[in-house]
Amino acid sequence: MKNSILILSIVLFSSHAFSQERTIDWQDFTNINLNKTLLKPVKNRNFAGFKIININKFLFKVEITGKGFNLETPIPTELQTLFRLTPDEKSAITDNKKSTKAAEDIKKENEVMADIKKGIEAKPQIGENAASVNEISLVSIISELNIKCEEYYQKAAELSGKLLDLKILKVELIDIAQMDAKSDVIKKKIQVSNPIPSPVSTYKDFLVLYANVESLYDDAKDTATNESDRKRIEDASKKIEKSFETFKEENIIVLFDQLTFLHNELNNENNYIAQAPPIQMTGDFVEYKCKITPTKTNIYGAYKSPQEISFIIPNNSGAKVDFSVGPTLSLGNNAKNELYFLEESTTTGKSYLRQRDNNNAGLPGVAAMMHVYDRSATETALGLLFGVGAGFKSIDNVDLSFYLGGSLILGRNQKVMLNSGVSLQRVDRLKEKQYAVGKEYTTQDFKLDDVVEKVFKPSLFISLSYSLAKRVDN
């Protein structure tokens, strides 16, 4: 059990450490150059990645490119228009005159209906000018209509008030969404902002009351026998219908949904993090390019310049093969040719074969070398080498040679190799069974070049070589 907990803790710590390794704080942009962990190498086959925190993606468009991968986090399309509002346009958002007038029209037309009722009630109960049966029925309908219309007016006024609250809150949220600040600062602003009042139940009651009022208006029109009263009822009904259409056009439920969405998105931590695509480290490097473009949110505000970030993450593990070319110097007696000369003998036509010293410090050459090493997190690495070269006896006489040893690789892009090991050089050696030093030979037709042969001899060597690498994208 303890082992399981320990393993789980290590895994969680490792995951946390990786997530924290490559992080750019947009609000602390000046310290990016000091963020050494941003360039920390990644092991072979592991995934490289980074993220930008505390960047308001409602305000900035972020494009991150890594090895052919492209990620765009533009501002949501439906909100682009909102975030470019001028002060005058923001003021226009909070204009609630239409809904206020629509509610007042309900009240006014209810007064018209009450006036029709009052006119009928003023007629005598008996006689030629007495109210007819239809007019008496109309009074009953209008009495009920006055009650429902008053309820409808109260509900419309309440709905108009909630609509104004939502419009004001809309401007507040837009202003908050335009802040270039840390995510916790923006979230605190959201928390102190007015809560979003739900208009759903009010709007449902409003619809039900409208249906009742409209039905009563239809009954009143059908019951009215006086042409003047009928005309007034029809006009009032049309104005009631028009006021209802005004409320429908305000789309209060859609506005509420938009604000709820924006409120939730402003509280969503992911909207303040631009995550780069993870790239598997299979080569020597992973290169990231990041372009951050501010959105022009206000014509009176300064337009910030785009920012571009480019950096390379190196690989620090996995086998690597490089090739280099450079001069070599083989050292020791095995790297030198044996030199011979003829010394005259007292016997006529005879000479002694003598050996003389080779005063060369070593045998120079040029080699093409292959280096095999494990990628390093630093600017240095140790590896093995195998080389094939050419040793020069003279400019016209080139001999093949081989090299085996180790290399110290310096650099990452342009690499210099310090090499050492064992070389196999072809050098001149006496044909031992055919010739011997100090022996007397007939000098006629005797050639010194015939007394030696080329043989491979091991010797120590040193070399300085250079690897001319070129970039090849995966």
Side-chain angles (χ1 to χ4, degrees), residues 44 283-284 314-341 353-438 448-470:
N44 195 44
D284 294 336
N315 191 343
N316 74 334
S317 66
K320 170 70 175 172
V321 177
D322 272 328
F323 297 89
S324 68
V325 176
T328 66
L329 181 64
S330 297
L331 304 170
N333 290 330
N334 279 348
K336 299 179 182 181
N337 291 319
E338 290 183 352
L339 304 178
Y340 297 92
F341 68 97
L353 182 64
R354 304 294 187 189
Q355 184 176 2
R356 67 180 176 85
D357 292 336
N358 188 335
N359 294 321
N360 289 324
L363 184 62
V366 175
M369 286 172 274
M370 178 178 71
H371 309 267
V372 181
Y373 59 94
D374 191 43
R375 294 182 179 93
S376 172
T378 64
E379 295 285 334
T380 61
L382 293 174
L384 300 175
L385 75 85
F386 174 77
V388 177
F392 295 93
K393 180 178 179 182
S394 68
I395 199 67
D396 298 321
N397 191 345
V398 180
D399 291 325
L400 198 64
S401 55
F402 301 95
Y403 301 85
L404 186 65
S407 299
L408 174 63
I409 296 99
L410 304 175
R412 279 188 179 152
N413 296 331
Q414 304 296 326
K415 298 173 184 175
V416 174
M417 284 76 167
L418 300 178
N419 311 300
S420 183
V422 176
S423 65
L424 284 176
Q425 299 277 2
R426 293 186 69 206
V427 292
D428 291 340
R429 288 294 181 267
L430 185 68
K431 297 178 181 178
E432 292 182 349
K433 292 185 178 181
Q434 189 174 351
Y435 299 98
V437 176
L448 280 175
D449 289 342
D450 291 338
V451 303
V452 294
E453 61 181 341
K454 291 288 186 183
V455 297
F456 281 104
K457 288 291 183 179
S459 61
L460 295 178
F461 81 93
I462 58 174
S463 171
L464 176 66
S465 60
Y466 177 71
S467 176
L468 184 60
K470 68 176 182 177

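The basis for the numbers below is simple: all heavy atoms, side chains too, and nothing from hydrogens, waters or symmetry mates.
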Inset, instruction - Please name all residues satisfying side-chain hydrogen bond (donor to acceptor under 3.5 Å, both in side chains) with Asp450, sequence neighbours left out, ordered by chain then number. - result: none

Inset, instruction - Output all residues satisfying side-chain hydrogen bond (donor to acceptor under 3.5 Å, both in side chains) with Lys320, sequence neighbours left out; order by chain, then residue number. - result: Asp284

Inset, instruction - Please tell me if the side chains of Asn419 and Tyr403 come closer than 4.5 Å, counting only heavy atoms from C-beta onward. - result: no

Legend entry - Asn360: partners by side-chain hydrogen bond (donor to acceptor under 3.5 Å, both in side chains), with sequence neighbours left out: Asn358

Inset, instruction - Examine distances only and state if a side-chain atom of Thr328 and a backbone atom of Ala367 form a donor-acceptor pair shorter than 3.5 Å. - result: no

Legend entry - Check: Glu338 side chain, Leu430 main-chain N or O, donor-acceptor pair, under 3.5 Å: yes

Legend entry - Residues that Arg354 engages under side chain to side chain contact (heavy atoms under 4.5 Å, CB included), provided they are two or more places apart: Phe341, Glu343, Tyr352

Inset, instruction - Using the salt bridge (charged side-chain N to carboxylate O under 4.0 Å, His left out) rule, collect all pairs that involve residues 359-371, keeping only residues at least two apart or in two chains. - result: none

Legend entry - Side-chain touch Val372/Asp322, heavy atoms, less than 4.5 angstrom: no

Legend entry - For Glu379, all residues meeting side chain to side chain contact (heavy atoms under 4.5 Å, CB included), sequence neighbours excluded: Arg412

Legend entry - Contacts of type salt bridge (Lys or Arg N to Asp or Glu O under 4.0 Å), residue Glu453, not counting sequence neighbours: none

Inset, instruction - Sequence neighbours left out, what passes side chain to side chain contact (heavy atoms under 4.5 Å, CB included) with Phe456? Give chain and number order. - result: Phe402, Leu424, Arg426

Legend entry - side-chain hydrogen bond (donor to acceptor under 3.5 Å, both in side chains) partners for Thr380, two or more places apart: Thr378

Legend entry - Contacts of type side chain to side chain contact (heavy atoms under 4.5 Å, CB included), residue Leu418, not counting sequence neighbours: Leu408, Leu410, Leu464

